[in-house]
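Here is the structure we will look at, set down as structure tokens.
Chain naming here is simple, since letters A, B, ... match the order of the sequence lines and numbering starts at 1 in each.
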There are 2 protein chains.
Amino acid sequence: MKRIKVKKGQILQQIGDLNTKGYQVESGLLRSYSIDEKGKEHIFMFAPEGWMVSDNVPRTEPSELCIDVLEDAVLLQVEKNFDIEINISKLVKRMAVLQKRIIMLMSASAIERYEHFIETYPDIVQRVPQRMIASYLGITPEALSKVKRERLSKK
Amino acid sequence: MKRIKVKKGQILQQIGDLNTKGYQVESGLLRSYSIDEKGKEHIFMFAPEGWMVSDNVPRTEPSELCIDVLEDAVLLQVEKNFDIEINISKLVKRMAVLQKRIIMLMSASAIERYEHFIETYPDIVQRVPQRMIASYLGITPEALSKVKRERLSKK
DNA sequence: ACTATTTCTTAATCTAGGTTAATGCATAGG
DNA sequence: CCTATGCATTAACCTAGATTAAGAAATAGT
């Protein structure tokens with residue numbers, strides 16, 4: 001386990017890399033994302049201060065997520081065997097987040113997912129470009145623009 | 001931790017219940033699902049032999065999933081504190097499944113999700129009604145019918 | 001400060017999948 | 001055995017969001 005400083009734009013993990021590390025974020029902002037066969041990015045999660053990112057595939061398999069730096073960050077880099085999994089309560093919280101995300105993707109419209117997102121992560125909205133929020137929500141930037149316009153006209 | 005036998009149709013957990021238990025499936029088939037504000041069910045996961053189901057929200061919060069029995073089953077009922085979380089490698093595997101599911105929901109079409117489903121869970125397809133597979137895939141039974149028809153005409 | 005590049009928004013069109021409704025099949029219960 | 005309820009499929013239509021394209025606004029690089 002060691003503390004590292006990383007710069008905006010830096011890529012910590014490429015898709016296909018052996019996936020032995022996780023990152024605990026002390027300051028800054030990371031994201032993890034997948035890339036589909038058409039080359040389109042889909043943001044899996046944002047990780048601001050206090051969060052932890054890692055690919056959740058087994059340690060022995062190639063990663064299916066790319067991890068990069070959105071804001072200069074200080075990280076604790078942890079080897080997956082030991083350090084991470086010791087903190088079970090954090091693991092369990094991450095599961096809860098994933099569960100919520102699946103439920104939202106299956107049952108909520110783009111508008112509802114956006115509402116939920118800004119309630120749950122009000123600060124992130126300020127810190128990342130719109131197109132990344134769209135990517136996280138599973139819609140296009142154009143559709144997000146429309147969603148925001150509709151929200152304004154209603155409230 | 002105790003072993004229990006349950007009958008098809010039995011409900012093990014209601015949405016809103018305090019969520020202190022998990023179930024390890026020795027034989028039979030369970031499912032967990034959410035219900036949206038329109039009353040529509042969305043299957044979160046199937047749990048055949050060897051799998052484990054539980055709601056992933058923290059133990060102290062009301063559950064957001066309902067768990068019921070699709071085929072008569074023998075279960076190990078575990079209290080969430082102790083027993084479950086001891087088996088970390090199983091926890092980690094569940095995370096990998098959730099991750100894959102999110103990526104599929106964001107980046108794959110209904111046809112692709114269906115293909116992936118029958119590859120990953122070939123036996124489940126035989127064991128549950130079509131409408132439940134549709135629900136798991138996040139589409140309507142009508143759309144699943146169309147998907148299957150298109151597959152047949154192509155191959 | 002000026003240009004180049006990326007980002008955001010709008011509008012027009014297209015499409016995957018939803019909705020509704022009708023029909024044929026099972027399965028369950030009397 | 002007959003009816004009732006639920007399941008799967010088909011077809012006609014509808015809608016949320018994708019795609020394409022173009023312009024405006026913001027950012028970054030020199």
Side-chain angles (χ1 to χ4, degrees), chain A residues 7-10 29 31 33-43 46 68-72 103-118 124-154, chain B residues 7-10 29 31 33-43 46 68-72 103-118 124-154:
Chain A
K7 285 279 173 194
K8 178 170 175 172
Q10 197 170 330
L29 182 62
R31 70 167 171 164
Y33 57 97
S34 69
I35 301 179
D36 66 26
E37 49 321 327
K38 287 163 212 137
K40 199 166 159 190
E41 288 178 10
H42 302 272
I43 294 187
F46 296 107
D68 69 5
V69 182
L70 298 181
E71 297 172 1
D72 292 1
I103 292 174
M104 292 304 285
L105 285 169
M106 285 203 296
S107 55
S109 66
I111 302 103
E112 293 165 326
R113 297 205 295 281
Y114 181 63
E115 300 277 3
H116 178 256
F117 181 77
I118 56 183
I124 302 273
V125 184
Q126 323 300 336
R127 289 164 68 182
V128 305
Q130 297 304 300
R131 69 189 171 78
M132 287 196 186
I133 293 171
S135 171
Y136 180 92
L137 297 175
I139 61 176
T140 59
E142 294 85 349
L144 179 54
S145 273
K146 212 190 291 184
V147 161
K148 293 202 293 182
R149 207 186 326 149
E150 279 164 29
R151 262 169 56 83
L152 284 180
S153 65
K154 278 185 191 163
Chain B
K7 284 279 172 194
K8 177 170 176 173
Q10 195 171 332
L29 182 62
R31 70 168 170 163
Y33 58 98
S34 68
I35 301 179
D36 66 26
E37 45 327 322
K38 287 164 212 137
K40 199 166 158 189
E41 289 178 9
H42 302 272
I43 294 186
F46 296 107
D68 70 5
V69 182
L70 298 181
E71 295 174 1
D72 292 1
I103 292 174
M104 292 304 285
L105 284 169
M106 287 202 297
S107 56
S109 66
I111 301 103
E112 292 166 327
R113 298 206 295 282
Y114 181 65
E115 300 278 1
H116 178 257
F117 181 79
I118 56 184
I124 302 274
V125 185
Q126 323 299 335
R127 289 164 68 182
V128 306
Q130 296 304 299
R131 68 191 170 79
M132 289 197 185
I133 293 170
S135 170
Y136 180 92
L137 297 175
I139 60 176
T140 59
E142 294 85 349
L144 179 55
S145 272
K146 213 190 287 184
V147 162
K148 294 201 294 182
R149 208 184 325 148
E150 279 164 28
R151 262 170 56 83
L152 283 180
S153 64
K154 279 185 189 160

Subject >> Between CZ on residue A:R149 and CG on residue A:L144, distance to nearest 0.5 Å >> reply: 11.0 Å

What nitrogen or oxygen pairs link the protein and nucleotides 3-7 of chain C at under 3.5 Å?
from, atom 1, to, atom 2, distance (Å)
C:dT7, OP1, A:R131, NE, 3.0
C:dT7, OP1, A:R131, NH2, 2.7

Subject >> Approximate separation, where rounding is to 0.5 Å, of A:K146 NZ and A:E150 CD >> reply: 7.0 Å

Original post:
Rounding to a whole Å, what distance do you find between A:K148:NZ and D:dG17:P?
Top reply: 16 Å

Original post:
Is there side-chain contact between A:F46 and A:R127, with heavy atoms separated by less than 4.5 Å?
Top reply: no

Original post:
side chain to side chain contact (heavy atoms under 4.5 Å, CB included) with A:S107: which residues, sequence neighbours excluded?
Top reply: A:I103, B:D36, B:H42

Original post:
If only side-chain N and O atoms of A:R149 are considered, is one of them under 4.0 Å from the OP1 or OP2 phosphate oxygen of C:dT9?
Top reply: no

Original post:
How long is the line joining NZ of A:K7 and P of D:dA28, in whole Å?
Top reply: 14 Å

Original post:
What is the nucleic acid contact for A:K38, judged by heavy atoms within less than 4.0 Å: base, sugar-phosphate only, or nothing?
Top reply: nothing

Original post:
In whole Å, what is the span from the CG atom of A:L105 to the C1' atom of D:dG17?
Top reply: 14 Å

Original post:
Which parts of residues 134-146 of chain A get close to DNA chain C, meaning a heavy atom less than 4.0 angstrom away?
Top reply: A:E142, A:S145

Subject >> Integer-rounded Å distance: D:dG17 P and A:E150 CD >> reply: 9 Å

